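From a predicted model like this one, the values you see are computed outputs, not experimental measurements. Start at 1 with the first residue, then count along the sequence.
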Amino acid sequence: MLFEFKRQLFRHPGYTQTGVTMERTLVRVSIFGLLLAFGSAQTNKGDWEIYSFHINSTVSSRYATTVITSRVVNRKDESKEVEFQVRIPKNAFITKFRMFMDDQVYDGVVKAKEAAQKQYTQAVSRGESAGIVSSVGRTLEEFKTSVTVAALKKVTFELTYEELLKRRLGKYELQIHARPMQPVKDFKVDVYIHEKAGINFMDVKGGLSINILAGAITKGHTDKQAWVHFYPKVDQQKTCDSCGEHGMNGDLVIVYDVNRHRSLGDIKSSSGYFVHHFAPSSLSRIPKNVVFVIDQSGSMHGRKMEQTRIALIHILNDLAEEDYFGLITFDSHIFYWKRELVQAKADNVESAKTFARNIQDRGSTNINTALLEGSRLLNEQPREGSASILILLTDGDPTSGVTNLEEIQSNVRAAIQDKFPLYCLGFGFDVNFGFLEKMSLQNNGVARRIYEDSDADLQLKGFYDEVANPLLTNVTMTYEGSANLTQTTFSQYYNGSEIVVAGQITDNNIETFSPQVVAISRNASVVFTNTNGTTESTDDSNIQRIWAYLTVKQLLDKELQLSGSEKEEVKSEALRLSLKYGFVTPLTSMVVTKPTEETTEVLHKPSENAPPPQGGPRGGVRFGLASAGVVGGSGRQYIQRRITGTTGMKASPGIIHGYSGHPGYSGHPGLGGFFPVPYSPVIPDLQGLPGVAGPMGPHGPFIAMDYEHTSFSPMAPPTISAPPGIRFLLQAENHSLPLCFDVTGQTILRLLHLPNTNVSVNGELYKEHGFSRIAVRFNTDDVIVFIDTGGVSIKNGQKMTRHTGQEVFTAGSVVVSKRDKEVDITAGETRLLVLLHGKNGHEFLWPTLRQHSSGNAEGILAVKPVAYEEMHQGPITKLKLTGQEISVSRSSAVDYSMYSPATMPCWLTSADSALQAPLSDFTVSDL
């Protein structure tokens, strides 16, 4: 993450990235990269401080949700501009971005790209701030924004992104690259993995896991969960092998795989959706026929050609004797090692290696003829019970023979006829990657860029390893009683990989849902059926998001291959789902609204086939700066107002719109819609103003105002009076403001009860602040965890232990991680985070449910987001909620369910009305 501090009047539109880390043999799923650097203007070391940096990644059903939270303080007595830059995986979708300043929340909003781009273009044409191109590594792209921080003030950034982990070579990997450029006192990385299939193994690797930093790692795993905590102290950040005066610089890689007990695989369902992970391993390897088509044109001169020779020799050494292979090189002409497929016997392999060593670069590039000849080799010698593969390596556009790209694609498609996959490897950035990507997709393959680095030969070898061992061909997956399925046919399945299919279950009726897989294994047809009822029901809302993620990804691939009305139809559906689920995709952008007089930024997701930016690293995420804001897509326009008052906000026109996201705490899916927060008697500066509307999605409030009919002057924040109590927020669906209600007295609330797992959580309220004590019972283990403001006590049977320091400890299957301001409790599929906060000299606790899987969960924390309809507004607003009308009034509350509390608007009503049940249903007599 990059924090670049510059004087407010000195703003440089560009920058140069340093320290891009390139991975080697495996394409890893990257959680994040972070980088802290000085800006163009010189600053003294004590001017600023990153006083807290937390990464929290939760993985469930191989779907990772990662929240990056960074807190910075400006110690200078003048304003500073802070740039926030985060590297995220290319395959990930950003789903939320927030900034917290002066108890206010500023959210990024996902919009259709055309609307955002139009606003950006208009701003640039007026001579306003130009876009900034951020660098992209092999598997990373960068999010970047900036904000001006007043003297002696703090800012908190929070970014959330999501990604389905892809299994390669028998494992999933989460890679963390850390280069903070200064030691950080509160530096924490927490990774939690929950897999109902069971965890087969888990390990931590990388430069940050060895020697002195090994002591900063605590890790463990049980049958179905694993955890890794990385808390390096300041002295460790200065003295480790990959450290220096600027702190850490290295990688932390979490590697794991799951158990695979059933041949049909792992099938989970939740709320009418299912996901099927199919990765059978106890199968015989299928002999393969592979043809390598290698570009030897003049542009391959030098290191490219040498690395290609080295990779080919390594690959030829790995061929099994039962394999057949061919080798073709091309420039403007075609050169054969042999004019037919040859068995991979020792003497043939040695002959091919001699041919590979003598490949010379020369001439132009005739891709069309080369691929047609490669296809001919495979088509003329079909072998029953084998799997055929065509692999192209090129570094440029076609320059001889047929050069029309669409004609080449048509010719190749006609030659292959869906008989085998085509894999295109694009060497460097001069290649037309979009052309290769489309041609691969049309022929059941994928395209991969090979980066021009010292390990390019290992990249080539690594890709080959992924497809070296086919186990099944012609895989067809059927699901009776389903609809809206993702891709269900696959030309080949390779050892160490995984096929993932998701969809909806008709009428949510699991009884009529019947999955089946039919494929070819060597010479025989095989059928995998659901004989033992392997579909498992769960409350994991990741299931629906996996479906949305896969559907959007595959629609984008399909849109690339189509044209005309079909292309527009597919594009429209991909856009609709991107907006519904809040994904920043190539069809959408995120509008980042900033406080005070600053501009609005537009984040675009880059394309892999985009050319590298001038004067910087290759690839990029483009940010447009536009002071006018961005048009929303809901049919109703809102204009944002910034009001001069105690927060120092000024009026600045801009149009905003909330977006649909998943329910849950602070970007964590599926945890219900309940946010308990202490009551705040001070309403923010926007409260009480005439005509204020407040669409709000699960990712935060969007304060908006009718553009045509509303005008007002700056005013001081009004206040309201109420009896002392604690205010709770109940999340709402469809962009709506949350409901809020007050609870008075020292009540003991039932926070959570999971009858299926006998887990219960109760909390005792403390005056007008928060909770003074929380008790978590795990009846199956006879374990009770008591949390108070001073520490944690654990009762395990008759034994009681007290913990006040920072440590990780276990009791039965319960894992408790205690840190300075938080207690993290995990048992099975349940994870609870208890935060420690302070107010007016009093400390109190605040519970947040991060994960659970129970269909009949009870308690305050299990209350789901509500859906309501605004009936009419006036002195008394009426909301229609589950068929009943309730009276509400506009108010606010401070959300303490996050690390950095923020004031949020809400509709205030009674507890009984909000909960649609008597409050007494949620109280208990004792902890």
Side-chain angles (χ1 to χ4, degrees), residues 663-665 671-681 683 687 694 696 698 701 720-734 736-755 760-772 774 844 846-849 856-897 904-927:
Y665 158 75
L671 311 183
F674 181 77
F675 291 82
V677 297
Y679 167 73
S680 172
I683 299 180
Q687 306 305 319
M696 176 174 176
I720 61 174
S721 60
I726 297 177
R727 180 156 293 180
F728 295 86
L729 278 170
L730 178 58
Q731 187 66 290
E733 296 178 349
N734 303 323
S736 303
L737 281 178
L739 303 182
C740 52
F741 58 90
D742 297 333
V743 177
T744 59
Q746 292 187 254
T747 307
I748 299 177
L749 292 177
R750 177 189 289 110
L751 299 176
L752 181 68
H753 178 54
L754 306 177
S760 61
V761 184
N762 297 329
E764 182 177 6
L765 298 180
Y766 175 62
K767 298 182 180 178
E768 70 275 14
H769 301 292
F771 291 86
S772 59
I774 292 175
F844 56 91
W846 218 258
T848 300
L849 184 61
N856 54 351
E858 304 167 351
I860 288 283
L861 293 178
V863 175
K864 297 186 185 228
V866 296
Y868 63 75
E869 178 185 355
E870 286 187 36
M871 301 304 295
H872 58 82
Q873 293 191 3
I876 298 179
T877 300
K878 294 277 192 180
L879 303 182
K880 189 173 183 179
L881 184 68
T882 60
Q884 298 180 350
E885 289 191 14
I886 62 172
S887 298
V888 297
S889 60
R890 183 68 179 239
S891 190
S892 69
V894 179
D895 187 353
Y896 272 86
S897 64
M904 295 186 174
C906 60
W907 291 120
L908 179 61
T909 187
S910 68
D912 292 357
S913 296
L915 297 171
Q916 294 293 286
L919 180 61
S920 58
D921 289 354
F922 297 88
T923 61
V924 293
S925 57
D926 57 55
L927 284 177

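Counting heavy atoms from C-beta outward, Leu908 and Asp742 have side chains that approach closer than 4.5 Å. Between Ile726 and Phe771, every side-chain heavy-atom pair lies at or beyond the 4.5 Å cut-off. The side-chain heavy atoms of Phe728 and Val863, taken from C-beta on, include no pair separated by under 4.5 Å.
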Using the side-chain contact (heavy atoms from CB on, under 4.5 Å) rule, take Leu915 and Ile860 through it: C-alpha gap first, then chi angles, then the decisive distance, then the call. CA-CA 9 Å; Leu915 297 171; Ile860 288 283; 4.3 Å; yes
Leu879 and Glu870: CA distance, side-chain angles, deciding distance, side-chain contact (heavy atoms from CB on, under 4.5 Å) verdict: CA-CA 5 Å; Leu879 303 182; Glu870 286 187 36; 3.6 Å; yes
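Judged as a side chain to side chain donor-acceptor pair (under 3.5 Å), the pairs with a partner in residues 914-927 (not counting sequence neighbours) are, in order, Thr882-Gln916.
Shortest non-hydrogen contact noted between Ser772 and Leu765 is OG-O, 4.3 Å. Between Leu729 and Cys906 the shortest heavy-atom distance is CD2-CB, 3.6 Å. The two residues Pro847 and Ile774 have their closest heavy-atom pair at CB-CD1, 3.9 Å. Taking each heavy atom of Leu881 and Val866 in turn, the nearest pair found is CD1-CB, 3.8 Å. Here the shortest heavy-atom pairing between Thr848 and Ser897 reads OG1-O, 3.2 Å. Counting all heavy atoms, side chain and backbone alike, Tyr868 lies closest to Ala732 at CE2-CB, 3.6 Å.
Note: Gln884 CD to Lys878 NZ = 11.5 Å, rounded to the nearest 0.5 Å.
Relative orientation of the Phe844 and Tyr896 rings is perpendicular, given thresholds of 30° and 60° on the angle between their planes.
Considering only residues two or more places apart in sequence or on other chains, Thr909 meets the side chain to side chain contact (heavy atoms under 4.5 Å, CB included) condition with Ile886, Val888, Ser913, Ala914. Taking Glu764 as the reference, Arg773 meet the side-chain hydrogen bond (donor to acceptor under 3.5 Å, both in side chains) condition, with sequence neighbours excluded.
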